[in-house]
*Asks:* 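One structure, pasted below without further comment.
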There are 2 protein chains.
Amino acid sequence: MSANASLSERRCKGRPRAFDRTLALRRALEVFWRRGYAPASVSELCKVMEINPPSLYATFGNKASLFLEAMNFYEETYWKEPARRFMADPDIYRAVKNFFNESAQILLSPETPCGCMVVLAAVNISEEETEIIEAVKALRMETKQMFSDRLRRAINDGQIPPDTDVPALSGALNTMLEGLSIQARDGLFQSELKAIAAHAARMLPSPRP
Amino acid sequence: MSANASLSERRCKGRPRAFDRTLALRRALEVFWRRGYAPASVSELCKVMEINPPSLYATFGNKASLFLEAMNFYEETYWKEPARRFMADPDIYRAVKNFFNESAQILLSPETPCGCMVVLAAVNISEEETEIIEAVKALRMETKQMFSDRLRRAINDGQIPPDTDVPALSGALNTMLEGLSIQARDGLFQSELKAIAAHAARMLPSPRP
DNA sequence: TATATTTTTTAGCATATACTAAAAATATAA
DNA sequence: TTATATTTTTAGTATATGCTAAAAAATATA
């Protein structure tokens, strides 16, 4: 139809794909984000992606692999940069404060005001979907590890006491971050969510004199 | 069969119920708690309750009303007393510390180590189930209100500054509490969960001199 | 033009789900 | 004993879900 070939996909033999793969993935992402994995039916996904089931399965494998690809897309698009800034900021207090403020913004972004996909989309999923369960859990653990790494550096930099309980504190920051997703789902305003998120930094040890 | 008549239900005409209503409700509660509302199929519920679908529907109405009744049972059984103690403790710091410690214990109780039913069971539910969505949300709001009420009393008692941002702080405590459910689902040990939960009290303003 | 290759469209399949009609079973009341 | 009321058992129904076979359509290459 139109010249929508992605750069990395050379035109080849056979009937050309009639839809933009990346755009379709982005639309699938929105459905999974808003509704969660299980309630996002293949039928609804197809409607939103404007393709038929056989195209979905030929292009993305199945519902589960489509979800996994959408989730990676989500991470890259929304969280990569905030996480990079968090690790780059030399001041731990400012880093935490800014990261949680940005997080509140993402969780209640106007297009998709529905919390974090990694936290919420695979809750109450069938126990058989082990691949998805493991994948979202791994991403959550990555975030916790990020907090942990950053706190250890803060200890090395003399910004927080060396006897800080890093596993507990990084776990607590992670708990706040994940809890914010539920608040977002419960319909808080972004101003309220930011005021709450600001309290995360209060769990850090008080600055050394 | 056996004398299992609940005290409040007088024996009447007709074939007597062959199962204990309260026991069946408790078993349904466990299924909803562990698996969530949607993945808990009527078929599985019936198996665990040891009854057939018609008995379930005659006794509890339908899946949704069974869930609502189970959730109220859950609240009464697990959270009523901790909440009462939280409100009764005259010291806000100790109240928060104890409440979050008890919460960690409930969320990872040996029988059902799967977070809070009110927080998790109705995530990713079909949007048509408005009654359930509203009910779980209302219960979450009640907890937040409890935090709010207790903090205002702490202000009146001169335990925390009068300019404390009560909505934000109660929201932050609520966020920690709800976030703990996700940690519980991710398989933390109770010792880890308690160490994390202890950080909630750090968000309170420092005690007045 | 003819052939090979890939995608799209159409029309479904098998399974699981929430729920129920109908009849058999078991109690009380007359 | 007979009639009435309630529950249980059996055997389903209608619908939605994830997924797919088969044929038609659209491109590149020989």
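Every chain is numbered from 1, with letters handed out A, B, ... down the list of sequences. Everything numeric here is computed off the predicted structure, so don't read it as measured data.
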*Asks:* Assert yes or no for the condition that the ring centre distance of B:Phe147 to B:Phe99 is strictly below 6.0 Å.
*Replies:*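 Between B:Phe147 and B:Phe99, the centre distance is under 6.0 Å.
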*Asks:* Tell me: NZ of B:Lys47 to C1' of C:dA16, nearest whole Å?
*Replies:* 12 Å
*Asks:* Which whole-number value in Å describes the distance from A:Met49 CE to D:dG18 P?
*Replies:* 13 Å
*Asks:* Among residues 25-33 of chain B, which residues get a heavy atom nearer than 4.0 Å to DNA chain D?
*Replies:*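 Correct list: empty, so none.
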*Asks:* Expressed as a whole number of angstroms, how long is the span from A:Leu56:CG to D:dA21:C1'?
*Replies:*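 Computing the A:Leu56:CG to D:dA21:C1' distance gives 17 Å.
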*Asks:* Just checking B:Glu111: does its CD atom have more than 12 heavy atoms from other residues, nucleotides or ligands closer to it than 6.0 angstrom?
*Replies:* yes
*Asks:* Could you tell me whether B:Lys63 sits above the aromatic face of B:Tyr37, with NZ or CZ closer than 6.0 angstrom to the six-membered ring centre and within 45 degrees of the axis?
*Replies:* yes
*Asks:* Atom CG of A:Leu45 and atom P of D:dT17: how far apart are they, to the nearest Å?
*Replies:*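 So the CG-P distance, A:Leu45 to D:dT17, works out to 11 Å.
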*Asks:* With distance as the sole criterion, is a donor-acceptor pair present between the side chains of B:Gln145 and B:Asp149 under 3.5 Å?
*Replies:* yes
*Asks:* Is it the case that B:Asn62 and B:Ser65 place a side-chain donor and acceptor less than 3.5 Å from each other?
*Replies:* yes
*Asks:* Send over the distance from B:Ile125 CD1 to C:dA18 P, rounded to a whole Å.
*Replies:*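 Value for this atom pair: 11 Å.
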*Asks:* Identify the stems formed by DNA chain D, where each pair is Watson-Crick or G-U wobble with both distances under 3.5 angstrom and a stem is at least 3 consecutive pairs.
*Replies:*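 Expected stems, ordered by start: C:1-30 with D:1-30.
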*Asks:* When all nucleic acid strands are considered with a 4.0 Å heavy-atom cut-off, which category describes B:Ala64: base, sugar-phosphate, or nothing?
*Replies:* nothing
*Asks:* Find the distance between CD1 (A:Ile51) and SG (A:Cys46) and round it off to the nearest 0.5 Å.
*Replies:* 5.5 Å
*Asks:* Can you tell me how far OG of A:Ser170 sits from CE of A:Met146, rounded to the nearest 0.5 angstrom?
*Replies:* 10.5 Å
*Asks:* State which residue, out of A:Arg150, A:Arg94, A:Arg153, A:Lys97, fulfils the salt bridge (Lys or Arg N to Asp or Glu O under 4.0 Å) condition with A:Asp89.
*Replies:* A:Arg94
*Asks:* List the protein contact pattern of nucleotides 5-10 of chain D with one symbol per nucleotide (5' to 3'): B for base contact, S for sugar-phosphate-only contact, - for none; contact means a heavy-atom distance under 4.0 Å.
*Replies:* BBBSBB
*Asks:* Does the structure place the NZ or CZ of A:Arg17 under 6.0 Å from the centre of the six-membered ring of A:Phe19, at an angle of no more than 45° from the ring's axis?
*Replies:*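 Checked: cation-pi criterion met.
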*Asks:* Looking only at side-chain N and O atoms, does B:Tyr57 come under 4.0 Å of OP1 or OP2 in C:dT20?
*Replies:* no
*Asks:* Nearest heavy-atom pair of B:Gln159 and B:Tyr93: which atoms, and what distance?
*Replies:*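 In terms of heavy atoms, the two residues are closest at O-OH, 3.3 Å.
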*Asks:* So, A:Gln183 versus B:Glu178: side-chain donor-acceptor pair below 3.5 Å or not?
*Replies:*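 On atom types as modelled, these side chains qualify, holding a pair under 3.5 Å.
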